[in-house]
2 protein chains.
Amino acid sequence: MDAKNVTITDSEWMVMRAIWTMGHATSRELIDAMNELEGWSASTTKTLLHRLIQKQAVAQHGGSRPFTYKPVVGEKESMVAAADDLFDHMCAMRAGSTIAGVIQSRELSRADIANLQAILAEKAKTAPEEVQCNCLPGDQTF
Amino acid sequence: MDAKNVTITDSEWMVMRAIWTMGHATSRELIDAMNELEGWSASTTKTLLHRLIQKQAVAQHGGSRPFTYKPVVGEKESMVAAADDLFDHMCAMRAGSTIAGVIQSRELSRADIANLQAILAEKAKTAPEEVQCNCLPGDQTF
DNA sequence: GCTAAGAGGTTACAAATGTAAACTTAGAAT
DNA sequence: ATTCTAAGTTTACATTTGTAACCTCTTAGC
């Protein structure tokens with residue numbers, strides 16, 4: 001199952017974060033975690049877990065109760081897919097400054113920074129002078 | 001009006017992009033643009049425009065018809081606010097690699113890259129060895 | 001074997017969102 | 001002055017999403 005093909009809602013995402021972090025979990029573990037993190041009732045977590053199973057973001061394992069639930073889509077791929085989807089709906093010309101804003105407000109490790117610097121150095125080799133706006137059809141600068 | 005305080009839905013965002021790009025527009029101009037871009041009917045665009053006015057993302061100008069509509073919230077700030085909100089709901093530890101994925105799939109100008117490199121160089125001065133996961137309470141690496 | 005508790009599944013409902021029709025008002029055209 | 005068209009406002013409805021109760025089934029405990 002490809003992370004790009006699964007749309008995870010905000011509340012489902014909260015459940016996924018718990019499953020990704022634990023690697024695999026029982027419904028009791030998820031219910032307790034979501035109650036502590038968000039104050040949700042057990043019913044809420046069960047509903048969201050069921051919806052995630054239906055959209056194949058999560059798989060149910062084990063032959064007897066309590067079942068174990070494991071993520072089908074990876075956290076890293078899902079995060080990138082969600083961020084790409086967001087940026088795909090935004091002005092291409094302003095992606096650079098938007099990414100700059102995000103970087104400024106995130107904590108990044110030395111390894112993260114080194115990785116980003118390497119990627120940017122590579123992109124610099126073929127970077128255009130400017131990126132075209134893609135907001136209107138046949139669009140030029142207004 | 002602060003961009004951070006206005007939640008713009010996906011469809012409203014498509015209307016905003018048109019208004020931002022034109023700077024100011026009449027409803028006829030927006031109706032034509034959204035019909036060409038998304039295939040929407042005039043009613044759809046009118047409804048979304050009205051909702052944007054209600055949530056003070058857009059302001060109505062002019063004393064007689066046709067009115068002119070102008071954005072109250074800026075595009076740049078709204079993009080950063082939306083991206084920040086997305087990342088705020090994700091694992092802090094993986095923000096770096098997610099940003100890397102986004103950079104790889106976006107077209108960036110030379111100026112964008114230079115700006116990002118400068119920001120990263122500055123962050124590198126105080127970067128931690130690693131960023132803590134913030135997915136579960138009292139969480140450590142699993 | 002029976003009972004109780006826990007887990008899993010189904011149903012419920014309000015609000016948000018996407019999409020569009022219907023109605024009212026204003027102004028242009030005749 | 002009247003009519004017609006466009007613009008603006010209100011209403012409508014289906015789907016999605018958030019949140020949770022209720023019901024059924026399974027398994028642990030006695």
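In what follows, every chain begins at residue 1, and chains take the letters A, B, ... in the order their sequences are listed.
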>> Among residues 38-46 of chain B, which ones have heavy-atom contacts with DNA chain D below 4.0 Å?
In response: B:K46
> What distance do B:Y69 atom OH and B:L52 atom CG have between them, rounded to the nearest 0.5 Å?
Replying inline: 11.5 Å
> So how far is it from A:K70 NZ to A:H61 NE2, rounded to the nearest 0.5 Å?
Replying inline: 5.0 Å
Can you check whether [X] has a side-chain N or O nearer than 4.0 Å to OP1 or OP2 of [N]?
X	N	answer
B:T47	D:dT9	no
A:R28	C:dG6	no
B:S11	C:dT17	no

> Has the side chain of B:R51 got a donor or acceptor atom sitting under 3.5 Å from an opposite partner on the base of D:dT9?
Replying inline: no
>> Given the structure, check if the side chain of B:R65 and the base of D:dT9 hold any donor-acceptor pair shorter than 3.5 Å.
In response: no
Please report the distance, rounded to the nearest Å, between [atom1] in [X] and [atom2] in [N].
X	N	atom1	atom2	value
A:L48	C:dG9	CG	P	15 Å
B:W13	C:dG18	CH2	C1'	18 Å
A:Q60	D:dT26	CD	P	13 Å
B:L49	D:dG8	CG	P	8 Å
B:D10	D:dT17	CG	P	10 Å

> Around B:E36, counting heavy atoms of other residues, nucleotides and ligands shown, do more than 12 lie under 6.0 Å from its CD?
Replying inline: no
>> Is it true that, when you exclude B:K76 itself, more than 12 heavy atoms of the residues, nucleotides or ligands shown sit nearer than 6.0 Å to its NZ?
In response: no
> Is a side-chain donor-acceptor pair under 3.5 Å present for B:R110 with B:N115?
Replying inline: no
> How is B:T26 classified with respect to the nucleic acid when contacts are heavy atoms under 4.0 Å: base, sugar-phosphate, or nothing?
Replying inline: nothing
> Of the candidate nucleotides D:dG8, C:dG18, C:dA7, which contains the atom at the shortest distance from the side chain of A:P66?
Replying inline: C:dA7
>> Side chains of B:T21 and B:I19, heavy atoms from C-beta outward: is any pair under 4.5 Å?
In response: no
